[in-house]
Every structure is written in C-alpha cells, then in structure tokens.
Participant: 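Below is one structure. I have some questions about it.
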Amino acid sequence: MIDIPENKELILFDGVCNLCNSSVQFVIRNDKKNIFLFAPLQGKAGQVVIAKFNVDTSKTDSILLYSKKNGISVKSTAALNIARRLRFPISLLAIFLIIPIFIRNWVYDLIA
C-alpha cells in the first residue's frame with residue numbers, strides 16, 4: 001500500500017481536470033494544519049490505491065481521499081471530508097454530510 005504518515009491524508013485527483021487542479025490549489029492554500037498530500041490518479045500512488053480498493057474509474061474519476069485510518073472516500077464524501085479539515089469557515093461545509101449520499105453525489109456530478 002501507499003506509505004503515508006498516520007497524521008496525513010492523500011488526495012488523489014484527476015491530473016488532466018482543470019476543476020480538480022483548481023480544487024487542489026484551493027486545498028493547498030487553506031490547509032493550515034498541513035494534513036494533505038497530493039497525487040494524480042494517473043500516477044503510481046493513484047494506481048495503487050485504485051487497485052487496492054477496486055475503484056471503478058469510469059464512475060469515479062475526480063477526487064478521492066485516502067487515509068490509513070479511514071480508508072477511501074469518493075466524490076461528495078471525499079470533498080466534504082477534505083473541507084472538514086480545512087480552516088473555518090470552509091470546515092462548516094461538512095454539515096452537508098447529513099444529506100443522503102445519492103443526493104450529494106448527484107450535485108457533485110452536476111458540478112464536476
């Protein structure tokens with residue numbers, strides 16, 4: 001598996017997606033606790049995580065969040081879990097985790 005420190009989380013993003021690249025830059029600017037590491041889905045680390053968790057890249061091709069503690073999250077769950085760890089007031093977006101996943105992912109897919 002990918003060897004990342006216990007206190008870090010790995011954001012896997014579509015390296016050819018402009019929205020994903022902009023999102024990564026946003027996270028970098030707002031990750032004041034230095035929690036996140038980054039790797040493209042198309043790279044070696046991305047391919048290892050995709051294989052380990054059997055991620056269907058035809059259905060999930062944007063942002064994934066991996067940590068040793070929590071495993072993998074995808075789409076809206078990944079985005080909101082990332083937001084949760086960013087500075088205030090961005091962290092307040094995590095409240096949307098209470099919305100059923102099929103609704104959140106529909107909105108996520110609409111934006112992505």
Side-chain angles (χ1 to χ4, degrees):
M1 195 66 226
I2 300 299
D3 187 27
I4 63 171
E6 292 292 328
N7 63 333
K8 298 284 186 178
E9 298 191 25
L10 178 63
I11 296 175
L12 298 167
F13 63 98
D14 184 348
V16 296
C17 165
N18 288 332
L19 179 60
C20 297
N21 288 315
S22 297
S23 298
V24 166
Q25 293 304 313
F26 178 82
V27 171
I28 290 170
R29 284 191 310 274
N30 292 284
D31 181 16
K32 300 304 179 190
K33 296 177 186 171
N34 195 25
I35 295 171
F36 297 108
L37 302 170
F38 302 89
L41 285 167
Q42 298 84 354
K44 182 180 176 185
Q47 294 303 304
V48 169
V49 172
I50 286 168
K52 172 153 176 68
F53 291 97
N54 296 318
V55 175
D56 183 351
T57 55
S58 69
K59 295 180 182 172
T60 304
D61 63 351
S62 50
I63 291 183
L64 294 97
L65 179 62
Y66 167 75
S67 72
K68 287 182 180 179
K69 180 180 175 183
N70 299 317
I72 193 147
S73 58
V74 298
K75 291 192 174 194
S76 66
T77 304
L80 293 172
N81 281 324
I82 292 166
R84 172 190 301 192
R85 291 162 181 82
L86 298 178
R87 66 182 178 174
F88 180 85
I90 300 161
S91 60
L92 294 176
L93 291 171
I95 190 70
F96 291 111
L97 285 165
I98 65 171
I99 295 173
I101 194 166
F102 73 94
I103 295 172
R104 285 189 282 120
N105 281 343
W106 179 80
V107 173
Y108 180 90
D109 289 338
L110 196 65
I111 294 169

Participant: Quick one: CG on Leu37 to CD1 on Ile4, what's the gap to the nearest 0.5 Å?
Facilitator: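 So the gap between those two atoms works out to 6.0 Å.
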Participant: Are there more than 12 heavy atoms of other residues, nucleotides or ligands under 6.0 Å from atom NZ of Lys32?
Facilitator: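 Count over threshold, so yes.
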Participant: Between the main-chain N or O of Ile99 and the side-chain N or O of Arg104, is there a donor-acceptor pair closer than 3.5 Å?
Facilitator: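 Yes.
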Participant: Between Asp31 and Arg85, is the salt bridge (charged side-chain N to carboxylate O under 4.0 Å, His left out) condition met? List the steps.
Facilitator: CA-CA 8 Å; Asp31 181 16; Arg85 291 162 181 82; over 6 Å; no
Participant: I need the Ser76 OG to Asp109 CG distance, nearest 0.5 Å.
Facilitator: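 Reported to 0.5 Å precision, the distance equals 8.5 Å.
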Participant: OG of Ser67 to CG of Leu10: how many Å apart, nearest 0.5 Å?
Facilitator: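 Reported to 0.5 Å precision, the distance equals 9.5 Å.
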Participant: Identify the heavy atoms of Gln47 and Leu41 that sit nearest to each other, and give their distance.
Facilitator: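 Minimum heavy-atom contact is NE2-O, 2.7 Å.
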Participant: When hydrophobic residues are tied together by side-chain contacts of less than 4.5 Å, even through go-betweens, does Ile101 share a cluster with Leu64?
Facilitator: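 No; tracing contacts between hydrophobic side chains, which count when under 4.5 Å, never links both residues.
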Participant: Could you check whether any side-chain heavy atom of Val49 comes within less than 4.5 Å of a side-chain heavy atom of Val55, counting everything from C-beta outward?
Facilitator: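 Not in contact.
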Participant: If you round to the nearest 0.5 Å, how far is CD1 of Ile90 from CZ of Arg87?
Facilitator: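 These two atoms lie 5.5 Å from each other.
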Participant: Starting at CG of Leu86, measure out to CD1 of Ile28 and round the result to the nearest 0.5 Å.
Facilitator: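 It is 11.0 Å, given to the nearest 0.5 Å.
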Participant: Is Phe26 linked to Leu92 within one hydrophobic cluster, defined over Ile, Leu, Val, Met, Phe, Trp and Tyr using a side-chain heavy-atom separation of less than 4.5 Å?
Facilitator: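 Hydrophobic grouping puts Phe26 apart from Leu92.
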Participant: Side chains of Leu97 and Asn81, heavy atoms from C-beta outward: is any pair under 4.5 Å?
Facilitator: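 They are in contact (side-chain heavy atoms under 4.5 Å apart), so the answer is yes.
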Participant: Using every non-hydrogen atom in the two residues, find where Phe53 and Gly71 come nearest and quote the distance to one decimal.
Facilitator: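 So the two residues come closest at CZ-CA, 4.1 Å.
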Participant: What closest approach, in Å, do Arg84 and Ala94 show between heavy atoms, and which atom pair accounts for it?
Facilitator: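 Reported closest heavy-atom pair: CB-CB, 3.8 Å.
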Participant: Are Ile35 and Phe88 linked, directly or through other ILVMFWY residues, by side chains that come within less than 4.5 angstrom of each other?
Facilitator: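 No, no single cluster joins them.
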Participant: Taking all non-hydrogen atoms of both residues into account, name the closest pair between Phe13 and Ile63 and its distance.
Facilitator: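 What the structure gives for the nearest pair is CB-CG1, 4.2 Å.
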Participant: With a sphere of 6.0 Å drawn around CD1 of Ile95, does it hold more than 12 non-hydrogen atoms of other residues, nucleotides or ligands?
Facilitator: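 At most 12 heavy atoms, drawn from other residues, nucleotides or ligands, come within 6.0 Å of this atom.
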Participant: Just by modelled atom types, is the Asn34 backbone N or O under 3.5 Å from a matching donor or acceptor in the Lys8 side chain?
Facilitator: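 Flag set: sc Lys8 to bb Asn34 pair under 3.5 Å.
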Participant: To the nearest 0.5 Å, what is the distance between CG (Leu93) and CD1 (Ile82)?
Facilitator: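 If I round to the nearest 0.5 Å, the distance is 11.5 Å.
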